Peer 1: 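Next up is a structure, given as structure tokens.
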Amino acid sequence: MPELPEVETTLRGIAPSVVGRRVAAAVVRNPALRQPIPDLLPEILRGRKILGLSRRGKYLLMAFRHGHLLLHLGMSGSLQIVPVGTAPGRHDHLDIAVSGNILVRFNDPRRFGLALWVEGDPSAHPLLRNLGPEPLSDAFDGDYLYRRARGRAIPVKAFLMDGKVVVGVGNIYAAEALFMAGVSPLRAAGKISRARYGALADAARLVLALAIEQGGTTLRNFVGGDGKPGYFKQQLHVYGRGGEACTVCQSTLKNVVIGQRSSVYCASCQR
DNA sequence: ACGAAGCCCTGCAAGC
DNA sequence: TGCTTGCAGGGCTTCG
């Protein structure tokens with residue numbers, strides 16, 4: 001499931017092959033994503049030059065002179081460069097062929113993803129304008145989290161996964177960051193000290209940076225833009241390990257549900 | 001304003 | 001073996 005590191009990995013894998021090239025053709029096979037892919041997308045993109053590829057949270061933005069293609073991988077989506085002429089598979093919903101015989105293919109079995117055309121300033125788009133800061137930017141630190149948590153009663157894990165607070169921290173990395181910082185995922189967000197938020201912000205930053213370095217976490221069959229799997233999974237301490245032994249103190253890791261999400265933590269290391 | 005719950009969708013694993 | 005059931009989950013929407 002793509003979280004920020006996986007989206008970043010995809011961006012880095014795809015960008016060198018597409019930026020500066022022109023769209024030769026776009027093909028929509030199944031427009032029924034979270035929101036429908038616009039009917040006119042192929043016409044909008046044809047012949048246009050891709051000026052850049054960037055990321056905001058888990059959204060990818062393909063920049064053109066007359067607008068942006070806004071992409072989201074949902075929880076099962078992937079973008080890959082495939083050889084031109086490769087037969088499309090069952091969930092290959094969108095192809096973007098660019099000059100130089102390069103094909104970018106969007107695959108998303110669960111169709112929680114998104115491919116929208118945005119005119120004007122993309123940061124003003126309803127899906128982007130309320131997003132919190134990037135976790136790897138200077139705007140994200142312990143003081144920021146502490147300030148935003150004033151008066152909040154929700155469990156800190158749900159707080160950390162709220163895109164209005166900070167973008168890109170999904171279920172995997174929230175669990176890992178909380179473990180690393182020694183903070184219980186169940187603790188009310190408003191009842192955590194400034195110092196502990198400092199540790200938590202550092203942990204989130206570290207775990208995300210590490211995961212990006214490793215090419216993301218491969219779960220199920222995530223692959224980056226270059227088709228290679230990520231290697232971060234081997235370093236997960238708590239995610240997906242409920243019932244197993246804590247890597248630090250050997251206690252049995254607990255499984256709880258927080259905000260509809262399964263959450264694993266060590267009741268002894270995390271307070 | 002806040003927080004909890006519901007919804008979208010399909011692959012996979014577990015259970016019968 | 002082949003069916004059914006339940007779970008996974010990002011992020012928006014709805015409800016209280």
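Throughout, a chain's letter reflects where its sequence line sits, starting with A, and its residues are numbered from 1. Everything numeric in this text was worked out from a predicted model, so none of it was measured.
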Peer 1: Look only at the side chain of A:Thr10 and the backbone of A:Glu6, and say whether a donor-acceptor pair between them is shorter than 3.5 Å.
Peer 2: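 The answer is yes, because a donor-acceptor pair under 3.5 Å joins these two groups.
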Peer 1: Quick one: A:Leu33 CG to C:dC12 C1', roughly how many Å, whole number?
Peer 2: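 After rounding, the reported distance stands at 15 Å.
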Peer 1: Output all residues satisfying side-chain hydrogen bond (donor to acceptor under 3.5 Å, both in side chains) with A:Arg152, sequence neighbours left out; order by chain, then residue number.
Peer 2: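 If we apply the side-chain hydrogen bond (donor to acceptor under 3.5 Å, both in side chains) test to A:Arg152, skipping adjacent residues, there are no hits.
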Peer 1: Does A:Lys58 put a side-chain nitrogen or oxygen below 4.0 Å from OP1 or OP2 of C:dG11?
Peer 2: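 Yes, because at least one side-chain N or O of A:Lys58 sits under 4.0 Å from OP1 or OP2 of C:dG11.
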Peer 1: Hey, quick one: are A:Val18 and A:Leu45 part of the same hydrophobic cluster, counting side-chain heavy atoms closer than 4.5 Å, chains of contacts allowed?
Peer 2: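 Yes.
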Peer 1: Would one find a side-chain N or O of A:Tyr239 under 4.0 angstrom from OP1 or OP2 of C:dA8?
Peer 2: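 For C:dA8, OP1/OP2 do not have a side-chain N/O of A:Tyr239 under 4.0 Å.
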Peer 1: Enumerate all atom pairs, one protein N or O and one N or O from nucleotides 3-6 of chain B, separated by less than 3.5 Å.
Peer 2:
| from | atom 1 | to | atom 2 | distance (Å) |
| --- | --- | --- | --- | --- |
| B:dG3 | OP1 | A:Ala153 | N | 2.4 |
| B:dG3 | OP1 | A:Ile154 | N | 3.2 |
| B:dG3 | OP2 | A:Arg152 | NE | 2.4 |
| B:dG3 | OP2 | A:Arg152 | NH2 | 2.8 |
| B:dG6 | N7 | A:Gln260 | NE2 | 3.4 |

Peer 1: When rounded to the nearest 0.5 angstrom, what distance separates CG in A:Leu69 from CG in A:Leu94?
Peer 2: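 A:Leu69 CG to A:Leu94 CG: 7.0 Å, rounded to 0.5 Å.
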Peer 1: Taking salt bridge (charged side-chain N to carboxylate O under 4.0 Å, His left out) as the test, write out the residues that go with A:Asp143, two or more places apart.
Peer 2: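 A:Asp143 satisfies salt bridge (charged side-chain N to carboxylate O under 4.0 Å, His left out) with A:Arg194 once adjacent residues are dropped.
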Peer 1: Does OP1 or OP2 of C:dG11 have a side-chain N or O of A:His72 closer than 4.0 Å?
Peer 2: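 Looking at the OP1 and OP2 atoms of C:dG11, one of them is under 4.0 Å from a side-chain N or O of A:His72.
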Peer 1: Find the distance A:Asn255:CG to C:dC7:C1' and express it as a whole number of Å.
Peer 2: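 Between C1' of C:dC7 and CG of A:Asn255: 12 Å.
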Peer 1: Please state how far atom CD in A:Gln35 lies from atom P in C:dG11, giving the value in whole angstrom units.
Peer 2: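 About 13 Å, once rounded to whole Å.
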Peer 1: Calculate the interatomic distance between A:Leu160 atom CG and C:dG11 atom C1'; express it in whole Å.
Peer 2: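 It works out to 16 Å between those atoms.
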Peer 1: Atom CE of A:Met75 to atom P of C:dC7: distance rounded to whole Å?
Peer 2: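 It works out to 15 Å between those atoms.
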Peer 1: By ring-ring contact (aromatic ring centres under 6.0 Å, His included), which residues pair with A:His237, not counting sequence neighbours?
Peer 2: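 A:Phe179.
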Peer 1: Atom CG of A:Asp162 to atom P of C:dC12: distance rounded to whole Å?
Peer 2: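 It is 10 Å, rounded to the nearest whole Å.
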Peer 1: With sequence neighbours excluded, tell me which residues meet salt bridge (charged side-chain N to carboxylate O under 4.0 Å, His left out) with A:Arg205.
Peer 2: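 A:Arg205: no salt bridge (charged side-chain N to carboxylate O under 4.0 Å, His left out) contacts found.
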Peer 1: What's A:Phe159 touching, base or sugar-phosphate or nothing? Going by heavy atoms closer than 4.0 Å.
Peer 2: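 Nothing, no heavy atom under 4.0 Å.
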Peer 1: Under the side-chain hydrogen bond (donor to acceptor under 3.5 Å, both in side chains) test, which residues partner A:Arg56, sequence neighbours left out?
Peer 2: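 Applying side-chain hydrogen bond (donor to acceptor under 3.5 Å, both in side chains) to A:Arg56 gives A:Glu134.
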Peer 1: Salt bridge (charged side-chain N to carboxylate O under 4.0 Å, His left out) with A:Asp92: which residues, sequence neighbours excluded?
Peer 2: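 So A:Asp92 forms a salt bridge (charged side-chain N to carboxylate O under 4.0 Å, His left out) with A:Arg105.
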Peer 1: Decide yes or no for A:Cys266 and A:Cys249: does some side-chain heavy atom of the first lie under 4.5 Å from some side-chain heavy atom of the second?
Peer 2: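 A:Cys266 reaches A:Cys249 side chain to side chain.
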Peer 1: Round to a whole Å and report the spacing from CG of A:Asn130 to P of B:dA1.
Peer 2: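 Roughly 12 Å, once rounded to whole Å.
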Peer 1: My understanding is that a hydrophobic cluster links ILVMFWY residues whose side chain heavy atoms are under 4.5 Å apart, including indirect links. Using that, what else belongs to the cluster containing A:Leu51?
Peer 2: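 When side chains under 4.5 Å apart are linked, A:Leu51 ends up in no cluster with other residues.
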Peer 1: Hey, what are the protein-to-nucleotides 8-10 of chain B N/O distances that come in under 3.5 Å?
Peer 2:
| from | atom 1 | to | atom 2 | distance (Å) |
| --- | --- | --- | --- | --- |
| B:dC9 | O3' | A:Arg111 | NH2 | 2.8 |
| B:dT10 | OP1 | A:Arg111 | NH2 | 2.3 |
| B:dT10 | O2 | A:Arg110 | NE | 3.2 |

Peer 1: Give the cluster check for A:Val169 versus A:Leu131: same hydrophobic cluster or not, with ILVMFWY residues linked at side-chain heavy-atom distances below 4.5 Å.
Peer 2: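 No, because A:Val169 and A:Leu131 fall into different hydrophobic clusters, even though each may have its own neighbours under 4.5 Å.
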Peer 1: Rounding to 10 degrees, work out the angle separating the end axes of the helix from B:dC2-C:dG16 to B:dC16-C:dG2 (five pairs an end).
Peer 2: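 Overall, the helix from B:dC2-C:dG16 to B:dC16-C:dG2 bends by 50° from one end axis to the other.
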Peer 1: For A:Arg150 and B:dA1, what is the distance between atoms CZ and C1' respectively, to the nearest whole Å?
Peer 2: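 Answer to the nearest Å: 16 Å.
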Peer 1: Would you tell me if any nitrogen or oxygen in the side chain of A:Tyr173 comes within less than 4.0 Å of OP1 or OP2 on C:dG10?
Peer 2: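 No, no such contact exists.
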Peer 1: Residues in ring-ring contact (aromatic ring centres under 6.0 Å, His included) with A:Tyr59, at least two apart?
Peer 2: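 Partners of A:Tyr59 by the ring-ring contact (aromatic ring centres under 6.0 Å, His included) criterion, ordered by chain and then number, come out as A:His72.
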Peer 1: C:dG9 phosphate, OP1 or OP2: any side-chain N/O from A:Ser262 under 4.0 angstrom?
Peer 2: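 Yes, because at least one side-chain N or O of A:Ser262 sits under 4.0 Å from OP1 or OP2 of C:dG9.
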Peer 1: Is there a residue in residues 113-127 of chain A whose heavy atoms reach under 4.0 Å of DNA chain B, and which residues are they?
Peer 2: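 Correct list: empty, so none.
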Peer 1: Run through A:Lys157, A:Glu176, A:Glu3 and flag the one making a side-chain hydrogen bond (donor to acceptor under 3.5 Å, both in side chains) with A:Asn171.
Peer 2: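 With A:Asn171 as partner, A:Lys157, A:Glu176, A:Glu3 yield a single side-chain hydrogen bond (donor to acceptor under 3.5 Å, both in side chains), made by A:Lys157.
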